[in-house]
Amino acid sequence: MIALINTSITTPILRYGRYQFDCYISSLQNSHAVAQQLFDETPLKQHNQMLFHYSRNGQTPEALNLFLSLYRSGLSPTKYTMSCVLNVCARCFDGRVGEHVHCQCVKSGLVHHVCVGTCLLDMYMKTGNVRNGRRVFDEMGHKDVVSWTAVISGYLLNGGTVEALKVFSQMKREGVKPNGFTYSAILAVTHGVFISEILAEVIKTNNDKLSNVGAALLRGFITMGNIHDAGKVFEQIEPKNIVAWTAMLVGYAQAGETDEAAKIFHQLTKEGIKPNEYTFSSMIKACTAPAASAELGKQFHACAIKMRFNNHLSVSNSLVTMYAKRGDIDSAHEVFKRQKERSLVSWSSMISGYAQHGQAKKALEVFEEMLNRNMEMDAIAFTGVLSACTHAGLVNKGEYYFNVMINDHHINPTMEHYSCMIDLYRRAGMLEKAMDIVKNMPFHPNAGVWRILLAASRVHHDMKLGKLAAENIISLEPQDAAGYVELYNMYAAAGNWHDAVNVKKLMHERKVKKETGYSWIEVKNKTYAFKSGDSYHPLSKHIYSKLSELNIRLKEAGYQPDTNSVVHDIDDNEQKETILSHHSERLAIAFGLIATLPDFPIHIVKNLRVCGDCHNFIKLVSLVEQRYIVVRDRKRFHHFKGGLCSCGDYW
DNA sequence: CTAGGGTTAG
C-alpha cells in the first residue's frame, strides 16, 4: 500500500496577502470573538473571492460553511455571491441546500438577475429536479444564450433528449443565436450521424476555429470509434483550451492507448495549460487499462496531490477505482476513507472494488452502510452489490437485494441486473432458476447472457443449450470467436465433421479472429507483455525451463492438466498439454518467479479470463513456491496464497 | 466590474 500524503489542509493561492489569509482561516476555524470580528470587518468582496475560489476547487464543505458564516453575520450577499454558492449547491446531493439558497434569492430580489436565474435553474437540473429547473427558466424575465444552453444541457443530463431538442429549436425560433457551448451540448445527442450537419452549421454561424464546439465534435468522432478524425479536429482547434485537451486525452484512453493519453497530459502542461479535475479524473481512469503500468496511476495520484486536485470528488472517485483495478484494494479503501464528502459514485466504486476482489463481506458492509445512511440509490449501486453476491455465490443475499431494489427503491432492473442473477444461479448450479429468468425477463437475452449459458452448458454437458447459446452469440456478435469455437468443438466431439468444417469456413469468411490473450507483469518499473507460447523475452529460455521444472514439481503435488480447457482442434493429448503449459499467464508468472525476490508478491494482469487449468496451476504454484500471486483477469481479481484462491474456485 | 452554460468519475 502506498503512503498517502495528508491532504486535509489546502493552501489556496490568493490574490490578497498572506496575513489576511491567515486571519481568514482562523475566523473560519474557531468562533473566537476576535476572529469573528475580523470576519465581520473583512469586505464582502474578499469573502466573495474566497467563495469563488472554493467553488472552483470543489471544496464544497468549505464553501457552504463560508456562506453560512456570511449569512449569520448579517452581510447581504450580492448576485456574485449567489452565483458562486449556487454553483456549489449544484454539486450537492441534497437538493434542500439549494432550495434554501433559492429562498434567499427570492427574498433579496437577486433572483431577477440573469446570472442568478441561470445558476438557479442549472442547480435544479444538476440535482435532478427538472420540474423546478424548468419553472425557474419559464419565470425568468430576461433570458440569454447561457440560460437557454443551461436548460438544454439540464434536460440532456436528466435523459430528456426530446425536450432538449425542442428547446434548441424554440431558442432559434425566438432569435437567440446558439454559440459554441450550445452546439457542444446538443452534439451529445446527435450521435455521429448529424456531426457533418452540425459541423456545417457551426462553420456557417461561428467562424471561430472550432474553439468551443471543437471538443464536442471531437467527442462525436470518438464515440464513433474514429480516433483519426478526432485527431484532425483537434489540430484545427485554436486556441486549444483545457476542454479540448481533455477530450483528446479521453479519446486515446478509450482507444486503450494509455501512453498516448499520458503524452497528451504532459504536452498540455508543457504548453502552459492548467489541467483541471476533468483532466485528472480522465487520466486516472486511463491508468486502469490492463496494459497500463501500476506506477503510472500512482504518479498521477501524486501529481493530483501536488496540484491540489485530489480532493475533487470525481478525482478521488477515479482513484478508488484505479487502485481497486490495479489490485491494491487497501489503497482504494484508504482513498475512500479519506474522502471528505462522498457521492453515490464514491460508494458504488468501493462496493464494485470489493466485489471484483471477491471480498463480498466487505462489499455488503459498505452497501449496508449506504442503506443505513438513507442515501439515494441507483441502478449501478445495485449492480455492484449483486455482482459481489455473484462472485461469492451468495444466492440468498443476491435474491434479497434484487427484491429490495425493485420493491423498496422502485428501480427497474436493467439487463445488467438480470445478467447478475442468471450468473448467480448458474454458478450455484441452479440452471433451472437461471433459465426461468432468461424466459421471463423483459429483455431479449444479449450476447453476455448467452455466454453465461454457454458456460453453463459446458459444466452440465447440455449439448442442446450449448448449441442454442453458440448460435445466438454468433448471430448477435458475429465477430466474437467464442460461439464459433464452441460450436466447432461440439460438432467435432460428436464426429459431425461436415458441420464442423462449415463453422470453420464461416469463421474464415467473416474474418473472425480469437482475441489474442496477453498477460502483463511489472518488474522494476518496467512492464513485460507475454502471449501464449511466445519467446520474445530475452530470458525466454530460462522462463521455459522454469515452467518445466514447475510442471514436474506440481505433478508430484498432484496436479493433473485438464485438457478440456484447450479449444484447439488437436487430438494429441500431449500437444494439448504443451499448449496449456505455455499459456501467457504462466510465462509471466515464471518470469516473475525468476526476476523477483522470494517474498515479493507477483501481480499479473490479463486481458482475457483465466482458464480453469491455469487457475489450478497457479493455486499450486502459490503453494510449492510459497508466493503470493495476484491475477487480474477480464472480470475480477484472484488472490492466490498457500494453494488457495480468494475466489474460492467460484468465478 | 467579477459571475452563469460546454468535458469527468461508479
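Letters A, B, ... are given to chains in the order of the sequence lines, protein chains preceding strands, and every chain is numbered from 1.
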Taking CG from Leu110(A) and P from dG4(B), how many angstroms apart are they, rounded to a whole number? 16 Å

Which of the following nucleotides, dA9(B), dG6(B), dG4(B), is nearest to the side chain of Val243(A)? dG6(B)

Whole-Å gap separating P (dG4(B)) and CZ (Phe52(A)): 6 Å

Stacking between Tyr80(A) and dT2(B), defined as ring centres under 5.5 angstrom apart with planes under 30°, is that present or not? yes

Does dT7(B) have Tyr278(A) stacked on its base, where the ring centres are within less than 5.5 Å and the planes differ by under 30°? yes

His312(A) NE2 to dT8(B) P: how many Å, rounded? 16 Å

For dG4(B), does the base pair up with any side-chain atom of Thr118(A) as donor and acceptor (N or O, under 3.5 Å, distance only)? yes

Over how many whole Å does the gap from Tyr54(A) atom OH to dT2(B) atom P extend? 24 Å

Taken to the nearest whole Å, NE2/His142(A) to P/dG4(B) is 18 Å

Of the candidates dA3(B), dA9(B), dG5(B), the side chain of Asn179(A) sits closest to dG5(B)

So which nucleotide from dT8(B), dG4(B), dG5(B) ends up closest to the side chain of Ala150(A)? dG5(B)

Just call it for Ser316(A): base, sugar-phosphate, or nothing, with non-hydrogen atoms closer than 4.0 Å on any strand. nothing

Would you indicate what Leu121(A) reaches in the nucleic acid, counting non-hydrogen atoms under 4.0 angstrom: base, sugar-phosphate, or nothing? nothing

Round to the nearest Å and state the distance from His113(A) atom NE2 to dT2(B) atom P. 14 Å

Answer with base, sugar-phosphate or nothing: what part of the nucleic acid does Cys119(A) contact at a heavy-atom distance below 4.0 Å? sugar-phosphate

What about Ser348(A), does its side chain sit under 3.5 Å from the base of dG10(B) through a donor-acceptor pair? yes

Would you classify Val320(A) as touching base, sugar-phosphate or nothing, given that sugar-phosphate means primed atoms plus P, OP1 and OP2, and contacts are heavy atoms under 4.0 Å? nothing

Glu334(A)/Lys337(A) salt bridge by N-O under 4.0 Å criterion: yes

The complete set of ring-ring contact (aromatic ring centres under 6.0 Å, His included) pairs with one or both residues in residues 110-132 of chain A, sequence neighbours excluded, reads His102(A)-Tyr124(A)

OH of Tyr323(A) versus P of dG10(B): gap in Å, rounded? 16 Å

When you get a sec, tell me which of dT7(B), dG10(B), dG4(B) is the closest nucleotide to the side chain of Asn276(A)? dT7(B)

Is the base of dG6(B) stacked against the aromatic ring of Phe181(A), taking ring centres under 5.5 Å apart and planes under 30° as the test? no

Distance test, side-chain N/O of Lys126(A) to OP1/OP2 of dG6(B), below 4.0 Å: yes

Using a cut-off of strictly less than 4.0 Å, decide whether Asn87(A) has a side-chain nitrogen or oxygen near OP1 or OP2 of dG4(B). yes

It should be established whether Lys285(A) places a side-chain nitrogen or oxygen under 4.0 Å from OP1 or OP2 of nucleotide dG10(B). yes

Closer than 4.0 angstrom, basic N to acidic O: yes or no for Glu174(A) and Lys172(A)? no

Students often get this wrong, so: under 4.0 angstrom with heavy atoms, is Val145(A) touching a base, only sugar-phosphate, or nothing? base

Nucleotide nearest Ser153(A) when distance is taken to its side chain, options dG6(B), dG10(B), dT7(B): dG6(B)

Basic-acidic side-chain contact under 4.0 Å: Arg134(A), Asp138(A): yes

Presence of salt bridge, Lys263(A) and Glu260(A), under 4.0 angstrom: yes

Euclidean distance, atom CE of residue Met50(A) to atom C1' of dA3(B) [Å, nearest integer]: 17 Å

Does a side-chain N or O from Lys79(A) land closer than 4.0 Å to OP1 or OP2 of dA3(B), or not? no

Heavy-atom donor-acceptor pair, Ser282(A) side-chain to dT8(B) base, under 3.5 Å: no

Given the rule in the side chain to side chain contact (heavy atoms under 4.5 Å, CB included) test, do Thr149(A) and Ile152(A) qualify, once you have shown the distances and angles that lead to the verdict? CA-CA 5 Å; Thr149(A) 309; Ile152(A) 292 170; 5.6 Å; no

Which is it for Leu313(A) and Ser346(A) under the side chain to side chain contact (heavy atoms under 4.5 Å, CB included) test, yes or no, and what are the steps along the way? CA-CA 8 Å; Leu313(A) 205 50; Ser346(A) 325; 3.9 Å; yes

